[in-house]
Amino acid sequence: MSENLIELLISWGVDARKAASQVEYLAGATVPFAIWETVYTTVLSTLFAYIIGLPLGIILVTGEREGIRPLPPALMKILNTVVNLLRSVPFLILMVCVKPISRFILGTSIGTVASIVPLTLAAAPFVARVVESSLREMDRGVIEASQSMGCSPWQIVTKVMLPECRPSLITGFTTATITILSYGAMAGTIGGGGLGAMALLRGYGRQETAVLYVAVIFLVILVQIIQSIGTAVAVKTDRRIQHTQTKRRKGT
Amino acid sequence: MEEPIIRITGLTKHFGGGENEVAALEDINIEIRRGEIFGVIGLSGAGKSTLVRCINLLERPTAGSVVVDGKEMTALGPKELRQARKSIGMIFQGFNLLMQRTALDNICFPLELAGKGRKEAVARARELLEVVDLASKEKAYPAQLSGGQKQRIAIARTLAMDPRVLLCDEATSALDPKTTRDILRLIQDINKRLGITVVVITHEMKVIEEICSRVAILDHGSLAETGTVEEVFANPRSEAGRRLVYPDGVPYEVLRQEAACARVIRVAFNGGTAYQPLIASLAIDCGVKANILGADTRNIDGRAFGTMLLGLPEDEAQAAKALAYIRSQKDITVEEVPDYHE
């Protein structure tokens with residue numbers, strides 16, 4: 001099996017020694033491990049990014065002057081500026097800048113786990129904006145109706161805004177996860193692992209094209225899986241489109 | 001007399017500030033009696049929706065007082081206000097149901113807010129579904145319901161709060177005539193059976209006629225007139241009232257009553273001069289102020305066609321002078337409208 005692959009690579013014009021070493025590398029445990037690293041950094045970073053970004057996104061909407069629980073305009077201004085600042089720093093640079101923070105939190109600034117800190121910091125403001133735009137789709141009338149029933153701001157957020165915007169929030173969550181996955185691919189530069197590091201250091205750094213392509217293919221597959229699940233869940237849980245579905249079912 | 005359930009005094013609402021300040025409501029005074037169906041009518045932009053939102057303080061009045069069921073709403077803190085709102089139900093033109101909840105769960109919503117257990121809430125919601133005649137739709141989502149059905153669910157949802165007052169903000173304006181009648185009948189039924197005071201905001205005379213006992217006419221942010229529906233419809237006193245009651249112009253019978261003391265003449269223009277100069281020269285040349293009671297004239301190429309109804313002053317000499325002057329004009333015929341006295 002591996003001999004056939006080596007032959008195939010050689011027939012594509014790859015140097016014989018390089019072909020052998022690449023096939024050996026790809027056949028080993030490093031690829032599954034890289035996938036695992038990518039998955040867990042993405043999952044953990046997304047989780048932490050939402051822990052910070054979800055409340056922040058909610059505040060960006062509810063704290064406005066016309067919002068359900070207006071906050072001091074100065075505070076809103078500061079929040080918006082911080083979000084924009086963090087959003088405007090390129091991830092590669094942010095990663096280097098937050099090294100002291102990683103060292104403070106984790107005791108180290110290098111490695112796969114350490115890459116979760118810059119990923120979270122870069123993704124949280126992004127998540128806040130995604131959540132904000134979902135919540136802005138909320139029908140003002142429905143909020144007004146809830147207020148007329150005596151809902152407190154907290155009840156409006158938890159019982160009205162979040163459940164009513166669920167499909168859009170799920171779609172946003174999917175986008176955020178994919179963005180964090182792609183950010184994570186850059187973590188190789190600070191010693192993080194994963195498919196990104198594999199493509200960057202091994203594939204590009206050592207000119208091992210086969211490794212590069214395999215890593216990219218797995219990244220693409222991961223993105224496809226996340227997107228398909230996200231879209232399916234968003235559509236399936238959206239009660240606004242059931243009407244047309246039942247109609248179609250009746251028609252057939 | 002019994003204390004009114006809603007007493008609005010000197011209510012004023014301005015939007016914006018500084019130079020852009022717009023007065024939406026100006027010194028509104030209304031008393032709504034316990035158990036009645038009270039209508040507020042006006043053209044769009046008259047401030048109806050703002051007025052109804054000032055009752056449950058979805059809009060905070062700039063000045064004035066709103067007392068609902070003995071409570072001064074403008075003086076309440078956030079928590080007390082939320083408590084007070086629970087006895088004021090509201091339904092909307094856009095229904096405003098929770099789209100991600102079933103009909104049953106929509107009705108459960110206010111019960112959840114009140115801290116009722118799931119079982120108790122569901123039982124009560126089922127009862128209310130019966131009241132609005134939609135028991136078969138409990139599992140349906142709002143997107144699967146028609147406009148009329150959605151409004152019924154919205155009504156059931158607000159009834160779940162056991163409100164003392166029901167505010168209807170253009171609640172039937174998005175519905176067809178048949179559904180409108182059904183919903184109005186339901187509201188009337190609720191008013192009778194549960195004794196809930198209803199405030200209906202609408203731009204449609206039909207709605208007022210159908211269910212209201214008293215009506216207030218709102219015009220450009222001010223109260224034009226208030227009275228029983230019969231009174232206002234039979235004899236609208238304000239300009240705004242007249243526009244609403246007679247959208248196609250005031251009929252002669254009404255004008256005659258109005259002009260009971262004056263002589264009324266009908267002037268027909270047959271394509272002579274435009275009609276404005278006639279009225280102007282009547283005033284300038286003869287010193288007679290004619291009152292235009294109605295006109296159906298149009299100018300074509302600067303020439304007037306059609307008829308106009310003029311009220312002449314009581315003074316016989318002046319009236320005769322005016323009549324003679326008009327008769328002397330070219331292409332104009334005049335006739336006196338007889339029997340304008342009873």
Side-chain angles (χ1 to χ4, degrees), chain A residues 62-71 73 134-173 233-251, chain B residues 49 52-53 55-59 76 78-103 105-115 139-146 150 153-154 157-163 165-167 169-170 174:
Chain A
T62 56
E64 278 187 330
R65 210 162 54 87
E66 297 292 316
I68 54 167
R69 178 71 182 79
L71 293 172
S134 290
L135 297 184
R136 284 203 190 284
E137 289 167 24
M138 184 74 215
D139 184 349
R140 284 260 358 145
V142 177
I143 291 183
E144 203 174 38
S146 338
Q147 284 173 325
S148 79
M149 286 184 267
C151 263
S152 66
W154 173 251
Q155 285 171 323
I156 291 177
V157 169
T158 55
K159 284 180 168 290
V160 180
M161 288 173 89
L162 293 179
E164 285 293 295
C165 297
R166 186 182 50 215
S168 168
L169 285 168
I170 293 172
T171 309
F173 180 79
V233 173
V235 171
K236 209 171 154 74
T237 59
D238 191 353
R239 305 307 182 187
R240 288 170 302 181
I241 39 188
Q242 284 230 335
H243 195 42
T244 46
Q245 279 175 347
T246 14
K247 256 192 187 158
R248 216 179 296 137
R249 232 176 281 140
K250 264 185 213 155
Chain B
S49 284
V52 76
R53 277 165 178 70
I55 296 178
N56 59 5
L57 244 70
L58 284 177
E59 295 284 3
L76 299 178
K79 214 166 173 185
E80 300 155 309
L81 179 60
R82 287 201 287 273
Q83 203 51 46
R85 277 177 181 162
K86 288 183 182 173
S87 58
I88 308 173
M90 187 168 185
I91 55 173
F92 303 82
Q93 178 172 10
F95 321 122
N96 294 343
L97 295 174
L98 297 161
M99 299 302 282
Q100 306 288 352
R101 282 180 175 231
T102 60
D105 286 338
N106 261 288
I107 305 173
C108 285
F109 182 69
L111 299 164
E112 278 171 34
L113 294 178
K139 289 201 180 67
Y141 287 94
Q144 296 166 304
L145 299 172
S146 70
K150 279 185 221 172
I153 298 297
R157 177 174 70 172
T158 170
L159 289 182
M161 312 192 296
D162 275 328
V165 178
L166 176 62
L167 308 176
D169 183 17
E170 297 277 8

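Proteins come first, then strands; the chains are lettered A, B, ... in the order of their sequence lines, and each starts at number 1.
- Atom CG of B/L98 sits about 6.0 Å away from atom OG of A/S146, to the nearest 0.5 Å.
- Atom CG in B/L57 sits 11.0 Å away from atom CD in A/Q147 (nearest 0.5 Å).
- When A/I143, A/T237, A/V160 are compared by the number of non-hydrogen pairs under 4.5 Å with chain B, A/V160 comes out ahead.
- Nearest heavy atoms, B/L58 versus A/E144: CD1-CG, 3.4 Å.
- Using a 4.5 Å cut-off between heavy atoms, A/R166 contacts chain B through its side chain alone, with no backbone atom that close.
- At least one side-chain heavy atom of B/R82 sits under 4.5 Å from a side-chain heavy atom of A/P153.
- For B/E112, the part lying near chain A is the side chain, with the backbone staying farther off; criterion is any non-hydrogen pair under 4.5 Å.
- Side-chain contact check for B/I88 versus A/S148: every heavy-atom pair is 4.5 Å or farther apart.
- Using a 4.5 Å heavy-atom threshold, the side chains of A/D139 and B/M99 count as separate.
- For the residue pair B/K86 and A/M149, the shortest heavy atom distance occurs at CG-O, 3.5 Å.
- Between A/P167 and B/Q100 there is a side-chain heavy-atom pair separated by less than 4.5 Å.
- Proximity to chain A is limited to the side chain of B/F109, based on heavy atoms less than 4.5 angstrom apart.
- Once rounded to the nearest 0.5 Å, the distance linking CZ of A/R239 with CZ of B/R101 reads 12.5 Å.
- Of all heavy-atom pairs spanning B/N96 and A/G141, the tightest one is ND2-O, 2.8 Å.
- Looking at B/I91, there are no atoms closer than 4.5 Å to chain A (heavy atoms on both sides), in backbone or side chain.
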